[in-house]
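Below you'll find the structure, written out as structure tokens, and then a few comments.
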There are 2 protein chains.
Amino acid sequence: MNSGDRPRRPTVSDVAAEAGVSRGTVSRYLNGGHWVSPEAEAAVAAAIRKTGYRINPHARSLATQRTNSVAFLLTESFERLFEDPNFARLMRGTSAALAERDVSLVFILAGSDAERRRARDFITQGHVDGVLLVSSHAGEPGLIEEIHRAGVPVIACGIPLGFERKLGWVAADDTTGAREMTAHLRSLGRTRIATIAGPRDTSGGIQRLTGFREELGEAFDADLVEHGDYSRRSGRAAMAALLERAPDIDAVFAANDLMAAGALAELAERGITVPGRIAVGGFDDAAVAVETTPALTTMRQPFDRISQEMVRLLLEVIAGEKPARMTLPTDLVVRDSA
Amino acid sequence: MNSGDRPRRPTVSDVAAEAGVSRGTVSRYLNGGHWVSPEAEAAVAAAIRKTGYRINPHARSLATQRTNSVAFLLTESFERLFEDPNFARLMRGTSAALAERDVSLVFILAGSDAERRRARDFITQGHVDGVLLVSSHAGEPGLIEEIHRAGVPVIACGIPLGFERKLGWVAADDTTGAREMTAHLRSLGRTRIATIAGPRDTSGGIQRLTGFREELGEAFDADLVEHGDYSRRSGRAAMAALLERAPDIDAVFAANDLMAAGALAELAERGITVPGRIAVGGFDDAAVAVETTPALTTMRQPFDRISQEMVRLLLEVIAGEKPARMTLPTDLVVRDSA
DNA sequence: CTGAAAGCGCTTACAG
DNA sequence: CTGAAAGCGCTTACAG
């Protein structure tokens, strides 16, 4: 630490001396209080109060081989982090779930190669007990591979392409969700349904497109598919492209709400009514869904549940169990756009 | 860690044995390579490669009493973090500056009481060598006090109200910046200049208002002051209130760009031309400044410089020096709104 | 330049 | 229920 004149921090030995017990007893008190008599317990508690003792996490980690902290690893850029609200929801959800169990969360952003290298070093060095892997893109197989090979427990958010069998994960049922939205659009009498799909290197992007295609069956028209990168801007561009190509479309399923919002902006600019002439459906039920005009009809992803399960599964793996996989259902939320 | 069948991680002893040197030599190699012969160096390097040795950070921290990591402590809610882009810029800037010196950053959000308690425990327990304190509000004197009392080095971003003498900090020259913007507005011939001030419990809010008042001198009219909380919405509401109270204002200085953007939205809705009838000036030069219509004239805060200096000063304090304070100038950026 | 040894502050069988 | 002792994996004077 800093200034040399800072008094030495009290240790278990100081507490033990003060309480008139052994260090072992103090340690037992610190770790749940099992096998310590009421008298000893009281004495130790008083001694801790009196000395102002604080446990030294490094000494403890060295002895236990545990850090009691996990990493939230986001392989995205700063820009994406702040643009896509889903990340914030996952951060908040996992952070809360972890707090309840008293394990701390260290947040790691690895958008560039240099950052990925540092993240790999940090994680494989043993700074954390496990990692919550959050990133839509399949990218960084190298990073994930190295973390996995180092034996560090990992639970991914969404299906980690290329690692679906090796890692545990919890994902929303994208295929079924996409089918449900598509069916909803058809139930409205729409027949020329287009989709603004997500990135091809994300499981969500792939599966939502699959669900869309499956539900449409014979009615599926490859010309009515345009890909975006989940950003608002890309949704707007995709909508424009779709309109040029097929002016007769009467509905659009966007693979996330941000792109749906972009599409809505493009339609508004062109004076095309929603849902009058074109119905629009999104995915996520992000905050933006209620801020657009008209408000978005969308598929709700259970982010809180996803966060909780990720934490639960990760803690299980850390405790020595084999990694589990979990798929959670989504819900149709009907608002005004479709 | 987890599965009991994971092979034991190699230690310095393994490397030493492999290289045919002592553990001390391996350690010296690991810490800069001073006082180790070229032969020993080569042998150790080879042994590390062969064994796949990774340093154990906890053992090292226990021995050195250093963690080689610092905290980025943000006493704001998740909502604010994602709404105010300044936080993201500071995160990125400090993160980059720290990466260069190979110290890691642990990000801590302490918006609620429970989170503040956890943050305090984490920090005073010795998980990090120091903290970069980022939060506009004076709030949490308790948290700051306890961290300070525990002897943990702290450098604040902006002047930490109540701790301006105790902690080191680096701040933009808010008073001068506000004066400059106000002078710019007057130079445009505006005479009824209002301000949407920042929160009263932030040094930025206070000082930008002070600069505004000082520059106006006799012309200052307390009726033309409305306070916001730095959010876009509050800027819009403040603009509306100002207009109700004084329909004749011909210029507005908003204490940050987000509020300026809110004000612009309100003016647009009322069909009031900018800068035609009312000129609008902001503060920050955030990304939003070039996205509004018209583009915002604003005071640029040197966030990159602020980030770098914060890191430099914190590392100094950690190294044992007394905390320094630093005020950085801002620059007028003239665009279209004033 | 190098090695032996002590020390950093905990935890955890083990014996009692 | 409790204490003595070993061990976790490094670093750092110290002596050579």
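Everything quoted here is computed from the prediction, not taken from an experiment. Lettering follows sequence order; numbering is per chain, from 1.
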What residues in residues 39-51 of chain B put a non-hydrogen atom under 4.0 Å from any atom of DNA chain D?
-> none

By salt bridge (charged side-chain N to carboxylate O under 4.0 Å, His left out) - contacts of B:R92 (at least two apart) = A:E79

Does a salt bridge link B:R54 with A:D121, judged by any charged N lying under 4.0 Å from a carboxylate O?
-> yes

Applying side-chain contact (heavy atoms from CB on, under 4.5 Å), name anything that partners A:I123, two or more places apart in sequence or on another chain.
-> A:L73, A:I108, A:V128, A:V131, A:I147, A:V152

Return the 5'-most residue of the pair B:R60, A:W35 with respect to DNA chain D, ranking by each residue's nearest nucleotide.
-> A:W35

Contact class for A:Y29 vs. all strands (heavy atom < 4.0 Å): base, sugar-phosphate, or nothing?
-> nothing

When you list every nucleotide of DNA chain C with an atom under 4.0 Å from a heavy atom of chain A, which one comes first 5' to 3', and which comes last?
-> C:dG9 to C:dA13

Just grab all the ring-ring contact (aromatic ring centres under 6.0 Å, His included) pairs involving residues 110-130 of chain A, residues at least two apart or on different chains.
-> A:F122-A:H127

So what's the dot-bracket for DNA chain C: Watson-Crick or G-U pairs under 3.5 Å, [ ] if a pair crosses, | if it pairs off-strand?
-> |||.||||||||.|||

How close do B:W169 and B:E164 get, heavy atom to heavy atom, and via which atoms?
-> NE1-O, 3.1 Å

Residues which pass side-chain hydrogen bond (donor to acceptor under 3.5 Å, both in side chains) with A:R312, listed by chain and number, not counting sequence neighbours = A:E309, A:E316

P atoms of C:dA5 and C:dC1, separation to the nearest Å = 24 Å

By side-chain hydrogen bond (donor to acceptor under 3.5 Å, both in side chains), which residues pair with B:T25, not counting sequence neighbours?
-> B:S22, B:R28

Among pairs that include at least one residue of residues 96-106 of chain B, which meet salt bridge (charged side-chain N to carboxylate O under 4.0 Å, His left out), considering only residues two or more places apart or in two chains?
-> A:R118-B:D102

When all nucleic acid strands are considered with a 4.0 Å heavy-atom cut-off, which category describes A:S27: base, sugar-phosphate, or nothing?
-> base

Select from A:V26 and B:A63 the residue whose nearest nucleotide in DNA chain C is closer to the 5' end of that strand.
-> B:A63

With sequence neighbours left out, write down each residue that passes salt bridge (charged side-chain N to carboxylate O under 4.0 Å, His left out) with A:E145, or none if nothing qualifies.
-> A:K166

Quick one: on DNA chain C, does B:V21 or B:L62 contact a more 5' nucleotide (nearest heavy atom)?
-> B:V21

ring-ring contact (aromatic ring centres under 6.0 Å, His included) against B:F82, all qualifying residues, sequence neighbours excluded | A:F82

Results of ring-ring contact (aromatic ring centres under 6.0 Å, His included) for B:Y29 - residues two or more places apart only = none

